[in-house]
Structure formats: structure tokens, C-alpha cells
> 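Before I ask anything, here is the structure I am working with.
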2 protein chains.
Amino acid sequence: MDPTQGPRRPSSPTIYDVATACGVAPSTVSRAFSRPGRVNAETAERIRKVAAELGYRTNPLARGLPTGKTSLLALIVADVTNPFFFQIIRGAERVARKAGYTMLVADVEESMETEREALDRVIPLVEGIVLATSRLSDSSIRVAAKQRPTVVLNRVMTDIPSVVTDNERGMRRAVEHLVELGHTTITYVAGPEASWVDGMRWRSLREATYQLELRARRIGPFQPTVAGGLAAARAFGATPTSAVIVYNDLMAIGMMRGLTEMGTRIPEDVSVVGFDNIFGSDFCTPPLTTVAAPLHNLGAFAIKTLLGQLASDAPRALRPALLPSQLIVRGSTGRKR
Amino acid sequence: MDPTQGPRRPSSPTIYDVATACGVAPSTVSRAFSRPGRVNAETAERIRKVAAELGYRTNPLARGLPTGKTSLLALIVADVTNPFFFQIIRGAERVARKAGYTMLVADVEESMETEREALDRVIPLVEGIVLATSRLSDSSIRVAAKQRPTVVLNRVMTDIPSVVTDNERGMRRAVEHLVELGHTTITYVAGPEASWVDGMRWRSLREATYQLELRARRIGPFQPTVAGGLAAARAFGATPTSAVIVYNDLMAIGMMRGLTEMGTRIPEDVSVVGFDNIFGSDFCTPPLTTVAAPLHNLGAFAIKTLLGQLASDAPRALRPALLPSQLIVRGSTGRKR
DNA sequence: CGAACAGCGGCAACCAGTTGCCACAGGTTG
DNA sequence: CAACCTGTGGCAACTGGTTGCCGCTGTTCG
């Protein structure tokens, strides 16, 4: 039609286009979509029909600017390459999508610095934030939470909604399992010192062993990776016990490999228990006995909690949500010789 | 100050606040940030200082509305829970971040439907799109590419920039490896029929075996999962060969497990080669010989290509980028008996 | 000495929605 | 019959930036 313009990008139609096509005001078009009931049913129907014909889609930026409603949520994970997070991401994304939200996943590569930057970048964009295994200090988290509704995953804070696995019961079940197999001394192989979860697991182990009249010992800290597990195997080799409980599966897998290379047989010489039941814990050798975290549900529940906050902006119950874990017995644990 | 309002959310300062604090016009503040050189150096310096004091941060929504520059890129992956994608995501995110972009990862759970929805939701928000292992038809992809610069990963299209692993050479190396071990017949265990990569790998195998005067056979298709590999093991058991090359590592791991359960020894009875070198392929039993894809680089390169398109909006060379793969020999392959 | 020009800042329109307030029509009530 | 209320649509201001264009000032050059 207009020969002076080349084949310009077909910029999508706006409410103004729909409005003129319908012979109504733009505000009416806006209300037809966002304010059901405010517009006469027939008019609304007509507008919706014309909009569909024109291929109108409301521009999320334009909507978000005055209202702050961007339909975006942020999920900040410590390490996307850690299988621990896969199911969490999926669970979160599923719930978010169902509620009409899009999720923005940011990987912070286990770095506090990067996490802070990611947060800065993301805050003005999103309506709410889930921090999954944050490396930030409590006070930094509070600063973020002041700007946007926030939920922390895998960490308990008194003034911010938290979602965690029930480490205490999980640990208790793991210890009971080892007792049944005749073990009397348990070594805890610790993860990173700064980890809230690590502290929690060690405390739970102490408590469980105390009640069941066992001995508990701790070595570490080690990196929460396969490599960290290898290092742990070497450290453990000096003063072995018949049973170990490892901070997480990644480390447990590395540790089993290290032990096997040193000639230690699993479970004949040493029983190994991991945590989380990540991808791979079922096909390593031997398959790992582990305290399964409800990974999918963890992600899903965190988003649900966040959506709840968004809906009724009064933050509700601050008691941390404890999601149940489950002991999965596989081949890495056996009767004490 | 204003007792009628409660402790309202401290909405962040705008260019207007900075402008009045500096005694200049808002447009000058805007230019001080986005148009270096356009504003007198001293003035710009003063503005930047005041802005920093006030804690001013430019609102990405407001910037994006008139300009379309949202600093967001979309990465759409077929399945976030597939370890294949972890390193891809990280590589992509790293490059994006370094260029000042934030990445929006969308999981489509291997569903065409979901992928289309994700695309719809994300298009108006982002400046460019990477489709990693898309389940969409070529024409659907073209529709998206018409709206935003698009790069496809793990798939070749003639009219859209593509980034793929060099499957041909990788397959060639795998076959050569098996020849050296004395194998003469190779079974290819196929992945999903709709997969572009599967077709490519089978074709490459045919070619390599033809040139090296071997026999090739194909079974499948199977689901590209551990479960699919288990199914493949049963199917393969009926008419075994001494060597198999499996569509990907996930399936190869499942297949090894299936074979082991059936009493087949690896690599004594059957040599197994996988593809991709995903997390876990080194600690399954036996460790898997595999054609490693440059996962991290795949993601990084896709984003680099996309950024290139964004910079010079003329789409450049459309020859697909072939990233080299590398054979990693581990314990799952051995000399033919 | 006047014209031309470069440097720099401001004005105002624009992006695409949302929403408070008003106006008008028609029905209801005292 | 007047006063009032309700349902529905429009006007215009607002979100927070960006940018084309204009005008002022001071310098340079013919």
C-alpha cells in the first residue's frame, strides 16, 4: 500500500487498531480483556472477535509499565549444571506456567557476586523471586525481599517464607536403616561450610545418633561435587568406619568412586548413604542408597507459596514449609561385617 | 512526610527524580546514560554521581517499550531435566550475561504444543530466540523467526542460522574405533523418529560403514531416555551383534543396564558407544565410551550467533556452524571376541 | 564584523497499555 | 414528575524511559 516503506516488520496490532476497527475507545478494548464484567457482554464479545481476527496480543511491556504486572517470576539457582536443580526447575516452571506466569531462570554459578548481579538485573522485571539454595547473606536476601515478594528454597529464614526438605526425619530414617544393618559408628562427610543445609544435616545426625546410642564423627568440609567426593574418599581412607552418610549424592558418587579405586568394597567394607536422589544415583555403581528429596515438589511448592504471597500481599504463615523426604534403599548399604 | 500514606513500597527513583536533583531536564539524564558523548562530560559526570547516590536504576520495561530493547534473550529447551542441556544452558547464559543480556529459559517438556505456547508468551518480551532441539515444524520455526532473530541448535535449516555438532565426523571416529577393536557389524539403536539428529546420525553411520566395508543395522525407534534404552536392550537381545552405537548417552546408559540384567557382559559380549558425553556417562558401569558433544560451546556459540544477528540486522552466512565433537574412549568398548 | 557551525541542553511527542473520573441513557423510587 | 441510581462507554492522565527537532551560546572563518 505504502510504496515508500519496504516490507517493514509487521509490528503487531495494538488496542488502538482494535478500537478503531470496532468503533470504540481504546480504554474499552483494554477493559474488555482485563476487567471482565466492566464492559457490556455483547460489546466485549465483538471486541474479542475483532481482536482475534487482527491477531492482537497484549504487549506485556506496555501492560507491565504502569501496573508492575509483568507475569514474570524469577528462579535463581546456585548451579544449573547440578542435577539437583533439574526437577526443581521443572516443578517450578510447571506451576508458574499453569498460573499464567513465565519463569526466568538465572544461573549464578555458585558465586555470591554473580547472584547479587543476577538479582539486580532481574528485580525490576519480575513480580516475585524464588532463591534456590542462595549463597547470599540473610541481610542481602532481606534487601531483595523488601523490593519483591521472595521465597527461599533449601534454607530457613524467620522473616521470609521458606521451603525445605524435612532433613531431620530423612536423616533419622537413614540412621535407623544403618542401625538395622548393625552399624554402630557413622561418619558424616560434610559439604560446604557456608551451606545452611549442611549444618542442618549434621545437627540432625548428631541428634539421631544420640537417641539411638551410636557414635557420630564428621570429616570435611568438601566441595559438594564429584571431585569433592573423591577428596573425601582419600581423607576417609585414613580412619575408616563401616558406614558413612554423605552431604549429597554428587559427593557420594565421587566418594564411592574414590573408595573403589582404593580397593574398598561397597557395601561389604563401607556402607554409603547419600542425600537428594538426583539423576544418576540409580545407575552409579553400586546404586546409591539415598534420602530422596521431593525435588519436583520443592520447586512447585516454592512457586505456589510465591503465588500465594502475590495474591494476598499480606505475607502469611512464616513457619517454614517442611516437605517430606523418603529413604530409598539401593545397593550401597549392607550389613556390617 | 505524608501521613496519609502508610510505609509505601519504596518505588525506585526515576530519571525525573535525578533530573530535578541535578537541575537538568529528564532527557539529559536519559542521554547521560544511553548516549555517551551527546552530553557534556562534566554534566554527565554530575548526573551519574547523583544517580548513584539516589540509587537510580533504569527501568527495563520503560526502556523496552519505545525501543524494543529489552536486553532479554530466550532459550527454549526441549527438556530441562535432560542432562544434555545443562552445559548448553550454562554456556549460553554466560555469553548472554557478558553481553549485558538476561536469559529466559523455557522448558517445553518435549511437547510441540507447549513449545508453541512458550514461544508465543516469550516473543513479545525478548530480542532474540535460540531454539535448542526444537520439536516444531520448519514452517512454525520460520513464523517465529519472522518476528524475532532466531537461531536453531541441533538442527539444520537452510534459511535460519543453525548450530550443530559435527555428527558426521564424530560418527566416523566412533566407527573407526570399533573397527580397530575388530568389530565387523554394528547395530544402530535409533532415537525418536521425528528427531533431526537421529536421522543425521544414522545416515552418517551408513556412510562410515560403507566406506570401511562393515555391516550396519538399525533397531528402533525408542524413547531417548533411560527407559527407552531398557526397551532397546530387550529388542536387541533377540538378535545381538558385537557392537552397538546408541542414539544418545541417556539411552546407552539404560541399554547397558538392560543388557547387564540379561546377563550380557559389557564390553566382553557387546561394545557400547553413546553420544553427547552427558553428566553420568563417566560413572555408569562400565563408564561409557561416547562421542562428546561440545555442550558448553554449543550454547555459547548459539548465543554469539544470535548476538551477531542482533548487531547487524542483515542475517549473515547461513551455512550451519559445525562444532567439532570428540571420541572419548572409556570402559564400555573392547576387543571383539 | 557577520555568517556559519559545532556543542549542548530542553521541549514535547511517542511507545501501548491501565484506570480514575465523568457523562449519558434508561430505569426505579418517593 | 423530580431525584436518584446503575450500567456502560469515553476522556485524559499516567507509567518511565527515548529521541527528533529546535534554540541558545560560543567559537571559527571568510
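Naming: A, B, ... by sequence-line order, numbering from 1 per chain. Only this structure's heavy atoms are used, side chains among them; waters, hydrogens and symmetry mates stay out. Since this is a predicted model, take the numbers as computed values, not measurements.
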> For Leu104(A) and Leu75(A), run side-chain contact (heavy atoms from CB on, under 4.5 Å): C-alpha distance rounded to whole Å, both residues' side-chain angles, the deciding distance at 0.1 Å, then the answer.
CA-CA 6 Å; Leu104(A) 211 155; Leu75(A) 175 67; over 6 Å; no
> Check the phosphate of dG17(D) against Ser30(B), side-chain N and O only, distance under 4.0 Å to OP1 or OP2. Yes or no?
no
> Are Arg90(A) and Glu93(A) within salt-bridge range, i.e. N to O under 4.0 Å?
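Salt bridge absent between Arg90(A) and Glu93(A).
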> Taking the nucleotide of DNA chain D with the closest heavy atom to each, which residue, Ser27(B) or Leu65(B), is nearer the 5' end?
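The 5'-side residue here is Leu65(B).
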> Could you tell me whether Arg155(A) and Asp138(A) make a salt bridge, using a distance below 4.0 angstrom between a side-chain N and a carboxylate O?
yes
> If you find the nucleotide of DNA chain D closest to Pro13(B) and the one closest to Gly37(A), which residue's nucleotide is nearer the 5' end?
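Comparing both residues, the 5'-ward one is Gly37(A).
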> Report the end-to-end axis angle of the helix from dC1(C)-dG30(D) to dG30(C)-dC1(D); each axis comes from five terminal pairs, and the value is rounded to 10°.
50°
> Donor-acceptor pair under 3.5 Å: do we get one between Arg31(A)'s side chain and the base of dG7(D)?
no
> Treating Thr133(B) as the side-chain partner and Leu131(B) as the backbone partner, does any N or O pair qualify as donor plus acceptor under 3.5 Å?
no
> Is Arg135(A) paired with Glu113(A) through a side-chain N to carboxylate O contact shorter than 4.0 Å?
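Salt bridge absent between Glu113(A) and Arg135(A).
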> Do the side-chain N or O atoms of Tyr16(B) get closer than 4.0 angstrom to the phosphate oxygens (OP1, OP2) of dC14(D)?
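Looking at the OP1 and OP2 atoms of dC14(D), neither is under 4.0 Å from any side-chain N or O of Tyr16(B).
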> Does a side-chain N or O of Asn59(B) approach OP1 or OP2 of dG17(D) to a distance below 4.0 Å, or not?
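Negative; the distance criterion is not met.
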> Looking at Arg94(A) and Asp107(B), is any side-chain nitrogen of the basic one under 4.0 Å from a carboxylate oxygen of the acidic one?
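Looking at Arg94(A) together with Asp107(B), the answer is no, because their closest N to O distance does not fall below 4.0 Å.
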> Do Arg57(B) and Ser12(B) meet the criterion of a side-chain donor-acceptor pair at a distance under 3.5 Å?
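No.
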> Would you grab the first and last nucleotide of DNA chain C (5' to 3') that comes under 4.0 Å of any non-hydrogen atom in chain B?
dC8(C) to dA16(C)
